[in-house]
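Reminder, nothing fancy here: chain letters follow the sequence lines and each chain counts from 1.
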Number of protein chains: 2
Amino acid sequence: MARKIDTDTFGFLATDISRLIRADLDRRIGETGIGLTAGEGRTLIHAARAGSVRQNVLAERMGVEAMTLSSFLDRLEARGLVTRRPDPADRRANLIEITEAADAVIGDIQSMSASIRHRAARGIDPAEWERFLSVLKTVRNNLAEQRGEPQRRSPGSAS
Amino acid sequence: MARKIDTDTFGFLATDISRLIRADLDRRIGETGIGLTAGEGRTLIHAARAGSVRQNVLAERMGVEAMTLSSFLDRLEARGLVTRRPDPADRRANLIEITEAADAVIGDIQSMSASIRHRAARGIDPAEWERFLSVLKTVRNNLAEQRGEPQRRSPGSAS
DNA sequence: TCATGATAATCAGGTAAGCTTATTAAATTC
DNA sequence: GAATTTAATAAGCTTACCTGATTATCATGA
């Protein structure tokens with residue numbers, strides 16, 4: 001065995017972390033009876049942030065295919081958390097908007113997210129965490145770039 | 001909309017990055033005809049690193065259930081990349097070992113992994129990258145902790 | 001020593017998050 | 001106004017997990 005095998009490289013770490021987050025999220029979702037899967041929650045947050053958007057735009061921002069988004073929206077719409085409104089400017093398109101009922105759910109998602117973040121960041125000092133987040137954004141943009149995905153300028157406040 | 005909505009938080013970034021990595025990996029796997037899925041590849045690398053291990057130990061190290069690992073191993077074994085050898089010390093258990101044929105595949109996986117890493121790290125200076133990796137490890141350990149998963153001391157060389 | 005309970009692996013079956021390909025209706029372009 | 005492109009979706013697939021039940025074996029305490 002001449003080769004050195006390392007399971008602590010970037011790709012492994014990222015994959016592990018994502019799986020741990022998903023598992024934790026699933027557990028909390030089960031406990032709190034929030035009634036949404038991780039993907040649906042992600043969709044809802046993106047929709048909330050985007051305001052009134054076409055599906056194709058939202059899909060591109062989320063980095064998923066139109067069809068994938070369409071399924072998430074089906075379930076969110078069935079639960080009354082988003083609406084699909086025909087775009088007056090293009091009869092092929094829908095505008096996605098969140099409903100008032102979504103507010104409470106968004107609050108729940110955000111507090112779950114904050115709680116996971118706190119656990120993840122334990123023992124890391126705040127300045128280091130900010131640095132870390134900014135590298136994460138760079139990495140995401142690097143990876144998203146040659147995928148046809150539009151580059152994101154980081155707009156909101158970091159957290 | 002009184003709430004500030006941010007899609008650049010830790011959880012979102014981590015999820016995005018993991019999806020991008022997976023997609024990229026899938027694309028490369030398709031191109032190079034390596035014949036393994038991401039999960040199988042991950043299993044193979046962990047097995048290579050572990051030497052001769054019981055399945056339950058390997059599963060725990062990988063952070064998956066025993067059954068999940070069992071399926072991965074079925075496919076790796078069918079491709080002749082690992083063997084299940086009865087553990088002489090416990091007739092319930094198997095010892096997993098990689099075969100010689102696995103060496104080439106491991107090499108391929110490692111170079112894919114390196115290439116993704118290079119792309120991810122573009123524009124980030126090496127010292128910053130090391131810092132970043134070390135925070136990633138802390139985060140993984142933080143998240144893995146209260147999940148029953150054993151804490152990992154970071155053993156190998158970072159990269 | 002033997003009944004009881006724990007453990008290692010696996011069978012059966014399920015779910016969630018993606019994907020691709022094809023279709024339809026509407027918009028755009030030449 | 002014919003040909004192309006685009007927005008959404010239907011249909012169906014794959015991967016990576018999971019849980020619960022089952023079987024064989026091991027460990028333990030009376």
Find the distance [X]:[atom1] to [N]:[atom2] and express it as a whole number of Å.
{"X": "Phe72(B)", "N": "dC18(D)", "atom1": "CZ", "atom2": "P", "result": "9 Å"}
{"X": "Leu69(A)", "N": "dA7(D)", "atom1": "CG", "atom2": "C1'", "result": "12 Å"}
{"X": "Leu36(B)", "N": "dT14(D)", "atom1": "CG", "atom2": "P", "result": "17 Å"}
{"X": "Met67(A)", "N": "dA7(D)", "atom1": "CE", "atom2": "C1'", "result": "12 Å"}
{"X": "Leu20(A)", "N": "dC17(D)", "atom1": "CG", "atom2": "P", "result": "11 Å"}
{"X": "Glu77(A)", "N": "dA8(D)", "atom1": "CD", "atom2": "C1'", "result": "12 Å"}
{"X": "Arg85(A)", "N": "dA8(D)", "atom1": "CZ", "atom2": "P", "result": "13 Å"}
{"X": "Leu73(A)", "N": "dA8(D)", "atom1": "CG", "atom2": "C1'", "result": "11 Å"}

* Mark yes when over 12 heavy atoms from residues, nucleotides or ligands other than Glu100(B) sit less than 6.0 Å from its CD; otherwise mark no. => no
* Return yes if the base of dT6(D) and the side-chain atoms of Arg92(A) contain a donor-acceptor N/O pair under 3.5 Å, otherwise no. => yes
Quick check for you: among [options], whose closest atom lies nearest to any side-chain atom of [X]?
{"X": "Arg75(B)", "options": "dA16(D), dA7(D), dC19(C)", "answer": "dA16(D)"}
{"X": "Gln55(B)", "options": "dA8(C), dT20(C), dA9(C)", "answer": "dA9(C)"}
{"X": "Ser70(A)", "options": "dA8(C), dT10(C), dT9(D)", "answer": "dT9(D)"}
{"X": "Glu65(B)", "options": "dT19(D), dA16(D), dC19(C)", "answer": "dT19(D)"}

* Asked: Can Ile21(B) and Phe12(A) be said to form a side chain to side chain contact (heavy atoms under 4.5 Å, CB included), step by step?
  -> CA-CA 10 Å; Ile21(B) 290 174; Phe12(A) 280 80; over 6 Å; no
* Asked: Checking all strands, does Thr37(B) fall into the base, sugar-phosphate, or nothing category for heavy-atom contacts under 4.0 angstrom?
  -> sugar-phosphate
* Structure fact -> Sorted by position of nearest nucleotide on DNA chain D, 5' first, the leading residue of Asn94(A) and Gly39(B) is Asn94(A)
* **First encountered from the 5' end of DNA chain D, between Pro88(B) and Ala93(A)** => Ala93(A)
* Asked: Of Arg61(B), Arg117(B), Arg140(B), which is the lone residue that meets salt bridge (charged side-chain N to carboxylate O under 4.0 Å, His left out) with Asp8(A)?
  ->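 Only one of Arg61(B), Arg117(B), Arg140(B) forms a salt bridge (charged side-chain N to carboxylate O under 4.0 Å, His left out) with Asp8(A), namely Arg140(B).
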Output yes when at least one side-chain N/O atom of [X] is less than 4.0 Å from OP1 or OP2 of [N], else no.
{"X": "Thr68(A)", "N": "dC19(C)", "answer": "yes"}
{"X": "Asn56(B)", "N": "dA9(C)", "answer": "yes"}
{"X": "Arg19(A)", "N": "dA16(D)", "answer": "no"}
{"X": "Arg84(B)", "N": "dT10(C)", "answer": "yes"}

* Using the closest heavy atom to pick a nucleotide of DNA chain C for each, name whichever of Arg42(A) or Leu95(B) lands nearer the 5' end. => Leu95(B)
* Structure fact -> In this structure, CH2 of Trp129(A) is separated from CZ of Phe10(B) (nearest 0.5 Å) by 4.5 Å
* Asked: Could you walk me through whether Arg84(B) and Leu76(B) pass the side chain to side chain contact (heavy atoms under 4.5 Å, CB included) check?
  -> CA-CA 10 Å; Arg84(B) 282 190 247 230; Leu76(B) 290 172; over 6 Å; no
* **Verdict with reasoning, Ile96(A) to Arg85(A), per side chain to side chain contact (heavy atoms under 4.5 Å, CB included)** => CA-CA 6 Å; Ile96(A) 301 304; Arg85(A) 184 164 67 84; over 6 Å; no
